[in-house]
Amino acid sequence: MAMDYSIEGRHYKTLVPIRIGVKEGLISKIEKINKCDNQTIIAPGLVDLQVNGFQGIDFNEAQITKEAVKEVTQSLWDVGVTAYFPTVITNSDDCIMASLHTISAACSNDPLVNQTIKGIHLEGPFISKEIGPLGAHPEVYVQEPDWELFCNWQKGAEGRIKLLTMSPEWPGSADFIRKCVESGVKVAIGHTAATPIQIKEAVEAGASLSTHLGNAAHVLLPRHTNYIWEQLANDRLWCSCIADGFHLPEAVLKVIFKVKTEKCILVSDSTKFAGLKAGSYQSPIGGEVMLDESGRLSLKVNPELLAGSAKSLLDCIEYLVTNKLLSLTDALDMASTKPFQYLEPSSINGLTSGAEADLLLLNQANEGLTVLKVIKSGQVVH
């Protein structure tokens with residue numbers, strides 16, 4: 001059990017000096033104080049709904065172990081992430097089941113890992129087979145939505161699949177989405193070549209998020225009638241985006257932030273190559289990939305296609321702030337409180353009395369960010 005204590009710093013929204021009381025893993029109180037002897041910024045811990053892997057470990061590799069899941073979790077604490085969704089992508093039925101089972105076992109094995117992993121994101125295999133929307137997913141394993149198969153995976157995950165990314169271009173997609181939503185699983189549209197009508201039908205059935213909007217798309221699209229405009233214009237859809245400096249140009253990010261101001265979530269889409277040196281690597285996502293000195297990760301056979309991200313969520317925040325695309329406050333909100341608002345609209349989260357004491361203590365200098373301390377459920381984990 002975490003001990004009771006208090007911390008002082010400056011509120012990330014106002015920079016007003018505050019003292020936060022922590023009791024039994026929760027925020028017990030937040031009070032303004034007259035002065036603070038440091039420039040530490042206190043913010044909510046980061047929440048990443050799309051983590052394929054991190055620092056040499058991938059959730060989609062056959063040899064993934066409970067210990068490896070814990071290691072990823074600890075590495076993410078170091079960069080301020082206090083809640084995340086391990087993301088399992090398109091693969092063979094058995095490999096998907098193996099990953100789900102191992103992640104679930106890791107949660108059952110360690111209370112703090114269980115508190116950090118808020119759910120599993122299944123990205124595929126019910127996606128588009130078309131080049132572009134397919135992204136770096138292996139086409140051989142793409143299939144149409146199968147409710148019995150999904151239920152089998154959910155059983156293997158002990159109910160931990162909380163988010164499914166799929167394309168509603170398949171026959172019967174609306175019924176499948178409806179069943180997922182009724183079972184408590186959020187459904188996102190992504191890796192799609194769906195028509196505007198199919199997207200509308202998916203939203204009517206309960207789809208509520210666009211996964212990394214603007215990516216995993218055709219290189220060329222009709223200028224007016226296409227799946228990007230349709231999702232961007234739908235007020236019922238939340239949107240996640242990868243702001244690592246490679247996935248989306250600044251102009252596209254600006255438009256997304258303006259249109260989806262209240263419903264935009266930052267995700268890293270990080271792979272096992274996040275935190276590794278530049279070079280050529282073998283990946284379960286895309287086969288042979290290249291990581292260049294700037295941190296761009298692409299398919300070796302087709303360098304124009306990205307193979308996920310090699311950046312952390314904190315890197316994305318730093319990129320947005322440095323390039324003046326968002327204020328630090330807005331960027332932190334999109335990477336912390338907004339994901340919780342999407343997942344559980346009525347949840348108590350962020351810097352609020354009664355919320356889980358998931359805290360990120362930062363120093364900001366010349367728009368660069370340094371992690372000073374990370375607290376998870378009241379425990380100092382970095």
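Everything numeric here is computed off the predicted structure, so don't read it as measured data.
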Discussion item. For a 4.5 angstrom cut-off between non-hydrogen side-chain atoms, does Asn323 reach Glu250?
Written reply: yes
Worksheet entry | CA sep, side-chain torsions, deciding dist, call: Ser6, Arg19, side chain to side chain donor-acceptor pair (under 3.5 Å) | CA-CA 7 Å; Ser6 64; Arg19 180 183 295 118; 4.5 Å; no
Discussion item. When you compare the side chains of Asn52 and Asp58, does any donor N or O come within less than 3.5 Å of an acceptor on the partner?
Written reply: no
Worksheet entry | Donor-acceptor contact present, side-chain Gln143 to main-chain Pro125, <3.5 Å | no
Response to the item:
On a heavy-atom basis, the closest approach of Ile27 and Thr352 is CB-O, 3.6 Å
Worksheet item: Any idea how His218 and Tyr227 line up, ring-wise: parallel (<30°), tilted (30 to 60°), or perpendicular (>60°)?
Response: tilted
Practice prompt. Report yes if some heavy atom in the side chain of Val289 is under 4.5 Å from a heavy atom in the side chain of Thr271; otherwise report no.
Written response: no
Discussion item. Quick one, Lys338 and Glu262 - any side-chain contact, counting heavy atoms below 4.5 Å?
Written reply: yes
Fill in: Side chains of Leu362 and Leu314 in contact at under 4.5 Å (non-hydrogen atoms)
yes
Worksheet entry | Residues Lys118, Glu344: salt bridge by 4.0 Å N-O rule | no
Worksheet item: Is Leu343 linked to Val185 within one hydrophobic cluster, defined over Ile, Leu, Val, Met, Phe, Trp and Tyr using a side-chain heavy-atom separation of less than 4.5 Å?
Response: no
Discussion item. Tell me whether Leu149 shares a hydrophobic cluster with Met166, the cluster being built from Ile, Leu, Val, Met, Phe, Trp, Tyr side chains joined at under 4.5 Å.
Written reply: yes
Worksheet item: Taking atom CD of Glu158 as the centre, does the number of heavy atoms from other residues, nucleotides or ligands within less than 6.0 Å exceed 12?
Response: yes
Discussion item. Does any part of the side chain of Lys263, heavy atoms only, come nearer than 4.5 Å to the side chain of Gln341, both counted from C-beta?
Written reply: no
Fill in: side-chain contact (heavy atoms from CB on, under 4.5 Å), paired with Tyr84, selected from Thr73, Val47, Val267
Thr73
Worksheet entry | Straight-line distance of Asp146 CG to Cys151 SG, nearest 0.5 Å | 9.0 Å
Discussion item. With a sphere of 6.0 Å drawn around NZ of Lys373, does it hold more than 12 non-hydrogen atoms of other residues, nucleotides or ligands?
Written reply: no
Practice prompt. Please say which of Ile127, Ile96, Thr90 ends up in a side-chain contact (heavy atoms from CB on, under 4.5 Å) with Tyr141.
Written response: Thr90
Worksheet item: Do the side-chain N and O atoms of Ser128 and Glu169 include a donor-acceptor pair separated by under 3.5 angstrom?
Response: yes
Discussion item. So Ile64 and Val69, do their side chains get closer than 4.5 Å, heavy atoms only?
Written reply: yes
Practice prompt. Work out which heavy atom in Leu237 is nearest to a heavy atom in Leu209; give both atom names and the distance.
Written response: CD2-N, 3.5 Å
Response to the item:
Value for CG (Leu248) from CD1 (Ile256), rounded to nearest 0.5 Å, stands at 5.0 Å
Worksheet item: Is the His191 ring parallel, tilted or perpendicular to the His212 ring (thresholds 30°, 60°)?
Response: perpendicular
Practice prompt. Output the distance between atom SG (Cys107) and atom CD1 (Ile117), rounded to the nearest 0.5 Å.
Written response: 4.0 Å
Response to the item:
For Ala157 and Ile120 the tightest heavy-atom approach is CB-CD1, 4.2 Å
Worksheet item: In the single-linkage hydrophobic clustering (I, L, V, M, F, W, Y; side-chain heavy atoms under 4.5 Å), do Phe85 and Ile189 co-cluster?
Response: no
Worksheet item: Is the Lys NZ or Arg CZ of Lys186 less than 6.0 Å from the centre of Tyr342's six-membered ring, within 45° of the axis?
Response: yes
Item to complete: Give the minimum heavy-atom separation between Leu332 and Ala43, together with the two atoms involved.
Response: CD1-CB, 3.9 Å
Worksheet item: How are the rings of Tyr281 and Phe273 set to each other: parallel, tilted or perpendicular (split at 30° and 60°)?
Response: tilted
Fill in: Donor on one side chain, acceptor on other, Asp292 and Ser294, under 3.5 Å
yes
Worksheet item: Considering only heavy atoms from C-beta outward, does the side chain of Phe59 approach that of Val51 to under 4.5 Å?
Response: yes
Worksheet item: Are the side chains of Val142 and Trp170 in touch, meaning some heavy atoms are under 4.5 Å apart?
Response: yes
Worksheet entry | Same cluster (ILVMFWY, side-chain, under 4.5 Å), Ile265 and Leu164 | no
Item to complete: Can you measure from CZ (Arg296) to NZ (Lys311) and round to the nearest 0.5 angstrom?
Response: 12.5 Å
Worksheet entry | Side-chain H-bond candidate by donor/acceptor type, Thr165 with His121, under 3.5 Å | yes
Item to complete: Going by the side chain to side chain donor-acceptor pair (under 3.5 Å) test, name the single residue among Ser240, Ser312, Ser268, Ser336 that passes it with Asp48.
Response: Ser268
Worksheet entry | Non-hydrogen atoms of Val81 and Leu313 that approach each other most closely | CG2-CB, 4.5 Å
Discussion item. Between Phe150 and Trp147, is the ring centroid distance below 6.0 Å?
Written reply: yes
Fill in: Exam field: side chain Glu288 to backbone Leu299, donor-acceptor pair closer than 3.5 Å
no
Item to complete: Give a yes-or-no answer on whether the side chains of Asp78 and Ser75 include a donor-acceptor pair shorter than 3.5 Å.
Response: no
Worksheet item: Charged N to carboxylate O below 4.0 Å: is that the case for Lys66 and Asp110?
Response: no
Worksheet item: Under a 4.5 Å side-chain heavy-atom rule over Ile, Leu, Val, Met, Phe, Trp and Tyr, are Met334 and Ile317 clustered together?
Response: yes
Discussion item. Testing the basics here: between Ser270 and Phe54, what is the closest heavy-atom pair and its distance to 0.1 Å?
Written reply: OG-CD1, 3.9 Å
Worksheet entry | Separation between CD of Gln50 and CG of Asp269, rounded to the nearest 0.5 Å | 4.0 Å
Worksheet item: Distance from Leu361 atom CG to Ile20 atom CD1, nearest 0.5 Å?
Response: 8.0 Å
